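We're numbering straight along the sequence, starting at 1. Because the structure is predicted, anything quoted here is derived from the model rather than measured.
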Amino acid sequence: MDVRRLELLRELAERGSITAVAEATQRTVSAVSQQLKVLQREAGVPLTERSGRGIVLTSAGHALARTATDVAVAIERAEALWDDFKQTPRGEVTLTTFPTGGQMLLPGLLTAIREVPGLTLTCSDQDPLLPDFADLTPDFDIVLADSPGILPSWRDRGLTVVSLLKEPLDVALPEGHPLSAKTTLSPKDLVDVTWIGAQAGFSFDRILRQIEAANGTPATVGQRFLDNGIVETVVAAGHGIAILPRFTTRDHENGLVTRPLSGVRAVRQISALLRPDRAERPSVRLVIEALRTEAARVQVLYESLRP
């Protein structure tokens with residue numbers, strides 16, 4: 001079987017449509033369809049089937065797509081071994097992130113990579129409303145994501161997952177709020193307060209759901225915002241309290257104080273997601289190691305700043 005045709009099948013498994021594969025690989029739809037038909041003849045079994053106006057992979061198609069991933073990993077590993085002999089890591093590495101992840105990790109990471117000759121790191125940020133940042137792995141070498149932990153769906157997709165750091169989530173209060181006299185806050189302290197909430201499903205909102213469950217009463221949410229900067233200013237103005245990430249919240253800088261939560265698991269996992277073949281590239285490996293180093297530095301720095 002032709003490796004390039006196997007790669008098209010893998011792209012179809014990842015992207016869900018021939019049109020998307022054609023756009024990503026800079027081919028025409030008819031060219032992709034033709035190559036997949038040739039691959040199906042080589043395989044001797046149906047690899048795709050009709051579903052509505054499009055096509056989906058059969059069970060055999062999914063199995064062969066997983067094999068295509070193994071082939072891609074083997075090729076990248078072989079090329080990486082050769083590159084290790086003939087050159088230092090070089091070329092472009094693309095990285096995309098959610099906003100606060102970029103705020104924490106990108107300044108130091110860009111400084112570290114700047115010192116590597118021949119290597120370019122191109123970064124971007126994404127709308128935090130994306131249902132799953134793993135969907136971005138076909139288009140970027142490295143995707144930074146936050147979650148309650150390592151999601152089973154990431155493993156099911158065969159992604160390489162690199163755990164970077166765990167960030168506590170605290171309660172943000174306006175300075176002078178009666179609850180600011182406490183060093184920690186439990187769910188029972190947070191009955192009958194007004195919350196400035198996040199969108200449903202976000203890490204911050206999941207913590208609020210845990211507080212509701214512990215108290216047995218629904219929380220009162222006055223407003224919901226995506227942008228943490230807006231949440232901070234609204235809380236500082238006295239319109240409610242909020243769940244915010246510890247490392248990027250401007251505690252005491254704009255009229256806020258933060259207090260840790262007890263009695264609920266208030267933490268988010270920050271990870272790097274990669275296709276396994278891209279994880280074999282020397283340039284990508286170097287960026288991942290720089291990310292690990294920067295995440296460890298950030299963790300130590302912010303923990304040392306806590307009173």
Side-chain angles (χ1 to χ4, degrees), residues 14 69-126 130 132-155 157-168 203 245-248 267-305:
E14 288 275 354
T69 296
D70 295 337
V71 170
V73 169
I75 291 173
E76 287 286 352
R77 186 174 290 131
E79 292 180 349
L81 287 172
W82 179 242
D83 285 344
D84 283 342
F85 280 105
K86 71 177 185 177
Q87 65 181 33
T88 57
R90 64 183 62 188
E92 182 185 35
V93 175
T94 57
L95 179 151
T96 195
T97 181
F98 61 99
T100 52
Q103 185 178 344
M104 278 188 288
L105 298 174
L106 290 190
L109 176 65
L110 289 168
T111 298
I113 297 304
R114 185 175 59 193
E115 306 303 320
V116 181
L119 180 61
T120 301
L121 177 60
T122 302
C123 301
S124 62
D125 60 341
Q126 297 291 330
L130 284 170
D132 187 351
F133 269 61
D135 293 338
L136 296 170
T137 54
D139 297 313
F140 296 91
D141 296 317
I142 301 169
V143 177
L144 298 185
D146 72 330
S147 61
I150 296 177
L151 303 183
S153 62
W154 298 347
R155 298 298 194 196
R157 294 172 73 150
L159 296 176
T160 296
V161 181
V162 180
S163 298
L164 295 175
L165 61 87
K166 292 182 178 180
E167 181 181 20
S203 297
R246 179 173 297 176
F247 298 161
T248 52
V267 67
R268 65 173 176 173
Q269 172 76 45
I270 297 174
S271 307
L273 312 181
L274 310 85
R275 277 183 166 187
D277 50 314
R278 294 183 185 178
E280 296 295 329
R281 286 169 46 196
S283 56
V284 173
R285 292 204 309 266
L286 186 148
V287 174
I288 287 294
E289 286 309 308
L291 265 173
R292 288 182 189 270
T293 299
E294 182 61 14
R297 188 192 70 81
V298 166
Q299 187 104 43
V300 170
L301 172 65
Y302 281 99
E303 287 177 353
S304 69
L305 293 176

**Request:** Give the intermediate values and the outcome of side chain to side chain contact (heavy atoms under 4.5 Å, CB included) for residues Asp277 and Arg77.
**Result:** CA-CA 7 Å; Asp277 50 314; Arg77 186 174 290 131; over 6 Å; no
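- Scanning all heavy atoms of the two residues, the minimum distance from Gly91 to Leu119 falls at O-CD1, 3.2 Å.
- The shortest side-chain heavy-atom distance between Leu274 and Ile288 falls under the 4.5 Å cut-off.
- Across all their heavy atoms, Arg268 and Pro245 have their closest contact at NH2-CB, 3.5 Å.
- The shortest distance between side-chain heavy atoms of Gln269 and Glu167 does not fall below 4.5 Å.
- Side-chain contact between Phe98 and Asp125 is absent, with no heavy-atom pair separated by less than 4.5 Å.
- Contact between Arg281 and Val93 at its shortest, heavy atoms only, is NH2-CG2, 4.1 Å.
- For the pair Leu291 and Val162, the minimum side-chain heavy-atom distance is 4.5 Å or more.
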**Message:** Is there a side chain to side chain contact (heavy atoms under 4.5 Å, CB included) between Leu95 and Leu121? Walk through the geometry before answering.
**Reply:** CA-CA 7 Å; Leu95 179 151; Leu121 177 60; 4.1 Å; yes
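- You'll find the side chain of Phe133 stays beyond 4.5 Å of the side chain of Leu144, heavy atoms only.
- With contacts defined as side-chain heavy-atom distances shorter than 4.5 Å, the pair Leu110/Glu294 does not qualify.
- Between Ala279 and Arg285, the closest heavy-atom pair is O-CG, 3.1 Å.
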**Request:** Please lay out, stage by stage, how Val287 and Ile142 fare under the test side chain to side chain contact (heavy atoms under 4.5 Å, CB included).
**Result:** CA-CA 9 Å; Val287 174; Ile142 301 169; 3.5 Å; yes
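- Arg275 has no carboxylate O lying under 4.0 Å from a charged side-chain N of Asp141, or vice versa, which leaves the two without a salt bridge.
- Here the side chains of Leu105 and Leu164 are in contact, with some heavy-atom distance below 4.5 Å.
- Only one option out of Thr137, Asp135, Thr69 pairs with Arg157 in a side-chain hydrogen bond (donor to acceptor under 3.5 Å, both in side chains); it is Asp135.
- Within the 4.5 Å cutoff, no side-chain heavy atoms of Thr96 are placed close to those of Cys123.
- Between the side chains of Thr248 and Thr100, no donor-acceptor pair of N or O atoms lies under 3.5 Å.
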**Message:** For Gln103 and Phe247: C-alpha separation, side-chain torsions, deciding distance, then whether side chain to side chain contact (heavy atoms under 4.5 Å, CB included) applies.
**Reply:** CA-CA 10 Å; Gln103 185 178 344; Phe247 298 161; over 6 Å; no
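- Between the side chains of Thr120 and Glu92, no donor-acceptor pair of N or O atoms lies under 3.5 Å.
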